[in-house]
Every structure is written in structure tokens, then in C-alpha cells.
Amino acid sequence: TTTTTMASIPLTTATTATTLPSLRLRSSPPLRRLQSNNAFKPLKSIRHSSISSFSPLPLSNLISKRQTLTVKASSASITPAPSPAPAPVPAVPWQGAAIKPLLASIATGVIIWFLPTPEGVSRNAWQLLAIFLGTIVGIITQPLPLGAVAILGLGVSVLTKTLPFVAAFSGFGDPIPWLICLAFFFAKGFIKTGLGNRVAYQFVSLFGSSSLGLGYSLVFSEALLAPAIPSVSARAGGIFLPLVKSLCVACGSNVGDGTENKLGSWLMLTCFQTSCISSAMFLTAMAANPLCATLTLNSINQTIGWLDWAKAAIVPGLVSLVLVPLILYIIYPPTMKSSPDAPKLARERLAKMGPMSANEKIMTATLFLTVGLWVFGGLLNVDAVTSAILGLAVLLITGVVTWKECLAEGVAWDTLTWFAALIAMAGYLNKYGLISWFSQTVVKFVGGLGLSWQLSFGILVLLYFYSHYFFASGAAHIGAMFTAFLSVATALGTPPFFGAMVLSFLSNLMGGLTHYGIGSAPVFFGANYVPLAKWWGYGFVISIVNIIIWLGLGSIWWKAIGLW
């Protein structure tokens with residue numbers, strides 16, 4: 001409350017010139033602020049207006065001979081603007097796990113954990129299966145990023161004493177996850193130097209008038225390299241992932257801005273699925289193919305030669321290479337189907353780029369060195385991951401790629417984490433005897449049906465193929481189940497060499513089911529153009545297409561060449 005004393009004021013209404021004296025307000029600092037903010041406009045008007053401008057009644061109510069005028073800050077005439085209510089604190093969004101997917105993952109593991117352990121299966125193996133399937137559900141539903149889900153799975157396996165720490169993290173000592181991780185670093189250099197754009201524009205200038213033509217050019221280029229590079233991870237990650245990413249960017253299809261479906265989604269999925277097909281076409285196109293040949297020799301004492309493999313696979317393989325991109329083009333089409341001006345634009349961009357820079361030349365030489373070691377590494381006793389490390393060393397030393405840039409490749413490290421975790425868990429499922437128990441159970445079941453060898457073999461093939469959902473490595477699957485299934489197929493009347501060849505081909509094609517089933521899967525999936533649900537969904541569709549082509553048309557071709 002602010003108090004102001006006023007002298008007696010003669011109330012003379014006849015003399016209009018008489019004015020009220022100035023009001024001197026002894027006000028507190030808050031009131032001064034109110035005055036400066038025009039909160040006292042009514043009082044200021046008293047100072048500058050004549051008596052005649054006021055009616056007597058309000059003045060008589062205010063002034064006596066000598067009285068104290070008490071002005072309350074709460075009165076209507078000088079009520080200050082109310083203090084603004086404190087702004088509501090915005091709710092901090094939940095940054096943890098998505099609850100429903102997390103509960104689904106936990107529920108899957110808990111239910112399987114407490115189910116009765118089947119006869120012939122150790123308790124450790126059953127518990128690891130529960131953790132593995134819970135992790136797979138988590139990877140599908142993604143309550144957290146894939147790497148985080150995998151680390152949680154490993155943590156549970158260690159916490160429950162299902163796996164010792166060394167065993168749980170043994171997958172990080174496997175060369176394949178590191179080869180995939182290194183492939184992302186190569187892709188960084190390929191794009192950063194501009195070499196990726198240069199090669200991409202060259203491809204577009206030759207084949208870019210249509211998306212389908214561009215896709216086929218990549219598919220058959222990869223198939224031509226397949227027999228020379230025995231690692232599908234190296235082939236996909238070191239050569240074609242950088243190229244495909246550059247093509248997508250050059251055509252305006254980027255991750256995260258809503259343009260993924262313009263070209264990138266279809267192209268990534270097509271290149272991935274056809275990499276499985278090209279791996280199935282040649283004995284030297286996938287690292288695990290010689291293992292199939294070795295197990296065949298040990299089981300039925302027959303040798304699968306390079307020409308035997310290529311001759312049997314060439315017809316169904318070529319048909320698959322033609323039909324799979326076309327089918328994906330129909331069911332998962334790119335929004336950019338044709339671009340008649342693209343070749344001309346690409347040639348203009350190439351002309352604007354000018355000659356190759358020094359970094360482009362270093363990147364090109366490094367790629368030739370690495371690919372050369374992949375091709376001739378067997379003669380030099382240099383494996384694929386060692387070759388990739390050597391190539392990365394050149395890029396780091398020359399500054400084409402910096403270590404800081406490598407550390408910033410979050411997708412590479414995430415892929416390394418979840419893939420290594422799955423390799424470890426799947427490997428110990430085999431070591432704990434669960435896979436052998438599964439194989440023997442299937443063998444007894446199929447053998448007891450009393451069917452013809454054709455039908456029995458068909459059931460065996462489907463079980464062998466779709467059990468790959470439980471494997472993060474083609475070599476692990478082959479090592480665990482190939483011999484058992486081939487032995488049973490032979491015992492049921494399947495021609496031994498025919499059965500071995502079919503199982504060998506399917507050991508590659510089944511890699512297209514998931515984003516972890518073969519070395520090229522994490523590479524292309526990690527580009528983030530295709531959502532996980534669509535990756536699995538279209539993987540299942542293409543698996544049916546491949547089975548029809550290889551077991552349908554393939555059987556006719558194999559009959560023609562005397563394979564059965």
C-alpha cells in the first residue's frame with residue numbers, strides 16, 4: 001500500500017482554470033516501475049486536466065478538507081498487469097526403451113526359459129536358446145538400437161551364468177564382423193573423395209535412363225566379380241556398398257529426408273538379394289562354399305569341382321538374377337522409374353568434376369590393392385580382413401580418411417556390435433549341442449513318415465533352409481547341419497551327389513532371409529534405406545521365389561545334365 005498526502009483543495013467549479021496541483025507520490029520502487037509502465041495513467045491525467053473535466057461527485061468522494069488518500073495497488077484504477085504465471089516446464093520426452101517391444105522381447109525369453117527342457121538338451125543350451133530368441137525378437141521390434149539390444153542379450157547371458165564372459169564376447173574375435181565394419185570405412189573414403197560420385201555418374205551415363213537398367217548393371221557387375229572374390233562381405237561392403245550409396249545420393253535418394261524410396265530402398269534390397277544368388281553360383285563366390293565341398297567328400301566320398309558347381313548353378317542362377325530384381329521392382333518399386341535426362345546430366349557433372357584429385361587417385365589405388373589381395377590372397381596366405389586392414393592403413397596414413405571420421409561412423413560400430421553378439425550366441429548354441437539335437441529330431445521325424453525320397457527330401461530342404469533364422473553365419477549353419485541332413489537324405493533314397501549340390505546352393509540362398517544371415521546382409525541393411533520389417537518380409541517372399549526357381553527349373557536342368 002502506497003500512501004499520498006494531499007493539501008486541501010478548494011472545490012471551485014465556476015473557475016474552470018483552476019487546476020489540481022501535481023500529485024507527489026512517495027512510492028516504493030515497485031510502484032515507480034508501475035508508473036514507468038503506464039500503470040498510473042489515470043493519476044497522470046489528473047495532473048494535466050482541469051477541474052471541469054471531472055464531475056463533483058467522484059472528487060468529493062476522494063477529497064475532504066484534509067485527508068489522506070490511500071492508493072492501493074489492488075484498486076481497479078492502478079492494478080498492475082498480473083505477474084505472468086511461470087511457464088510450464090516442458091515434459092522431457094522418454095528417451096529410454098520402447099516399453100511394448102521391450103516387454104515382448106523379455107516375455108519371449110522368459111516363457112522359453114521356464115518351458116520344460118526337452119530330453120537330450122542341456123539346461124545351459126535351453127537357457128541360451130531363450131536368451132537368443134528374446135534377443136532376436138528385440139532386434140526385430142527394436143525397443144533400443146540393435147547394438148544396445150545385442151549388448152543386453154550378452155549381459156543377460158553372463159548375468160545368468162549361461163555363458164562365461166569370454167564366450168559371450170567371443171564374436172568380437174571373429175573376422176567377419178570386423179570386415180563388415182571396415183567396409184563402412186572404405187565407403188566413407190569412397191564418398192568423401194568424390195570417387196564414388198565419379199563412378200556413379202559414369203554408371204548413370206551408361207545405364208541411368210531407367211532405374212531397372214541401373215539395377216541390372218550393378219547386379220551383373222557383382223555376379224562377374226563373384227568367382228574372383230571369395231568373400232561376399234568384401235565384395236558387397238568393399239566394392240558395391242560405396243557404389244550403390246553414391247548412386248542413390250547422385251539420384252537424390254537420401255536416408256532420413258523421406259526420399260529413400262525414390263531409388264535407394266529398391267536398389268539396396270535388390271543388390272543384397274542378388275549377392276546371395278551370385279554367391280550360390282560359384283564354388284569360390286562365398287567363403288563357406290568350400291566347406292560344403294569338404295563335408296560332401298567326407299560324407300559320400302564324392303568331390304564337387306569348380307566346373308561341377310558352376311555348370312549345375314548357371315541356369316537357375318541366371319534366371320534368378322533376371323527375375324528377382326524385376327519382382328522386387330513390382331512389389332517394392334522405386335518412385336523414380338525412368339529418367340531420360342539422367343545420362344546427359346551425369347555426363348555434364350563428370351565434365352564439371354574435371355580430372356581426378358590426388359585423394360581420388362589414392363582411393364583408387366587402395367581399392368585395387370585391396371581387391372587384388374582378395375582375389376589372390378589365397379596364394380599369398382593373406383585373408384580378406386587382413387587385406388581390408390591393410391587398405392584402411394593406407395587411407396589413414398595418407399589422410400584420405402581420418403580416425404575421427406572412422407569413430408563417427410556410428411552405423412559401422414553398431415553393426416559390429418550386434419552381429420558379433422549374434423555370432424557368439426549362435427556359435428554356442430551349436431557347441432552346447434542344441435543344433436545337433438534339432439538335426440537328429442528332424443531326421444527321425446522325416447524318416448518315420450514313410451514318404452518317397454522326393455517328398456522326404458523336399459521337407460528336409462525346407463527345414464534346412466528356414467532354420468537359418470537361428471544362425472548369424474552361413475558357415476556355422478553348414479558346419480552344424482549339412483552333414484546330418486545329407487546323410488538322412490541319402491538314407492531315404494535321395495541321389496547323394498544331387499542332395500549335396502542342392503544343400504550347397506541353398507546354403508547361400510537362405511542368407512537372404514534376415515539382416516544377419518550372410519556377410520552381405522549387415523552391409524546393405526546398415527545403409528538404413530530399408531526398414532527392418534520390410535527387409536524380413538521381402539526376404540521371405542524372395543526365398544519362396546528362389547526355392548521355386550532352383551528346385552523347380554533347377555531340377556529340370558539337373559535332370560538334363562545327369563545330376564539325378
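Here the structure is a predicted model, which means the values were calculated and not measured.
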Between W558 and W550, is a side-chain contact (heavy atoms from CB on, under 4.5 Å) present by the stated rule, with each step listed? CA-CA 10 Å; W558 298 327; W550 286 75; 4.2 Å; yes
Apply the test side-chain contact (heavy atoms from CB on, under 4.5 Å) to residues V401 and C406: give CA-CA distance (whole Å), side-chain angles for both, the deciding distance (0.1 Å), then the verdict. CA-CA 7 Å; V401 174; C406 293; 3.7 Å; yes
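Atom CZ of F482 is surrounded by more than 12 heavy atoms from other residues, nucleotides or ligands within 6.0 Å. No more than 12 heavy atoms of other residues, nucleotides or ligands shown are found within 6.0 angstrom of NZ on K311.
We find the CG-CE distance between L241 and M268 to be 5.5 Å, quoted to the nearest 0.5 Å. In this structure, CH2 in W306 is found 8.5 Å from CG in L283, a value given to the nearest 0.5 Å. Expressed to the nearest 0.5 Å, how far CD1 of I549 lies from CD1 of I277 amounts to 7.0 Å. With rounding to the nearest 0.5 angstrom, the SG atom of C251 is 5.0 Å from the CG atom of L263. Summarising the geometry, atom OG1 belonging to T364 is positioned 12.5 Å from atom CG belonging to L369; distances are rounded to the nearest 0.5 Å.
Judged as a ring pair (Phe, Tyr, Trp, His ring centres under 6.0 Å), and not counting sequence neighbours, F465 has no contacts. Among residues two or more places apart in sequence or in another chain, the ring pair (Phe, Tyr, Trp, His ring centres under 6.0 Å) test is passed with Y464 by H477, F485. F419 meets the ring pair (Phe, Tyr, Trp, His ring centres under 6.0 Å) test with no other residue; sequence neighbours excluded.
Between I331 and L328, the closest side-chain pair of non-hydrogen atoms falls below 4.5 Å.
Ring geometry for W403 against F185 counts as perpendicular: the plane angle is over 60°, on a 0 to 90° scale with 30° as the lower cut.
Sequence neighbours left out, the pairs with a member in residues 321-353 that pass ring-ring contact (aromatic ring centres under 6.0 Å, His included) are W266-Y329, Y332-Y538. Residue pairs meeting the side-chain hydrogen bond (donor to acceptor under 3.5 Å, both in side chains) criterion with at least one member in residues 237-253, sequence neighbours excluded, do not occur. Annotation: side-chain hydrogen bond (donor to acceptor under 3.5 Å, both in side chains) contacts involving residues 410-430, sequence neighbours excluded, are absent. Under the salt bridge (Lys or Arg N to Asp or Glu O under 4.0 Å) criterion, no residue pair touches residues 254-278, with sequence neighbours excluded. Residue pairs meeting the salt bridge (Lys or Arg N to Asp or Glu O under 4.0 Å) criterion with at least one partner in residues 314-323, sequence neighbours excluded, do not occur; the list is empty. Within the structure, salt bridge (Lys or Arg N to Asp or Glu O under 4.0 Å) pairs that include any residue of residues 202-227 comprise E222-R235 (at least two apart or interchain). Residue pairs that meet the salt bridge (Lys or Arg N to Asp or Glu O under 4.0 Å) test with at least one member in residues 196-210, sequence neighbours left out, are R198-E360.
Between Y466 and F540, a ring centre-to-centre spacing shorter than 6.0 Å is recorded.
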Enumerate, atom names and distances included, each donor-acceptor pair closer than 3.5 Å involving a side-chain atom of residues 508-526, sequence neighbours excluded.
unit_1	atom_1	unit_2	atom_2	d
N508	ND2	N289	OD1	2.9
N508	ND2	S504	O	3.2
T514	OG1	Y516	N	3.2
T514	OG1	G517	N	3.0
H515	ND1	W536	NE1	3.0
Y516	OH	Y469	O	2.6
S520	OG	S275	OG	2.9

Only distances under 3.5 Å count here; give the side-chain donor-acceptor pairs of residues 133-154 to other protein atoms, sequence neighbours excluded, each with its distance to 0.1 Å.
unit_1	atom_1	unit_2	atom_2	d
T135	OG1	I131	O	2.7
T141	OG1	V137	O	2.8

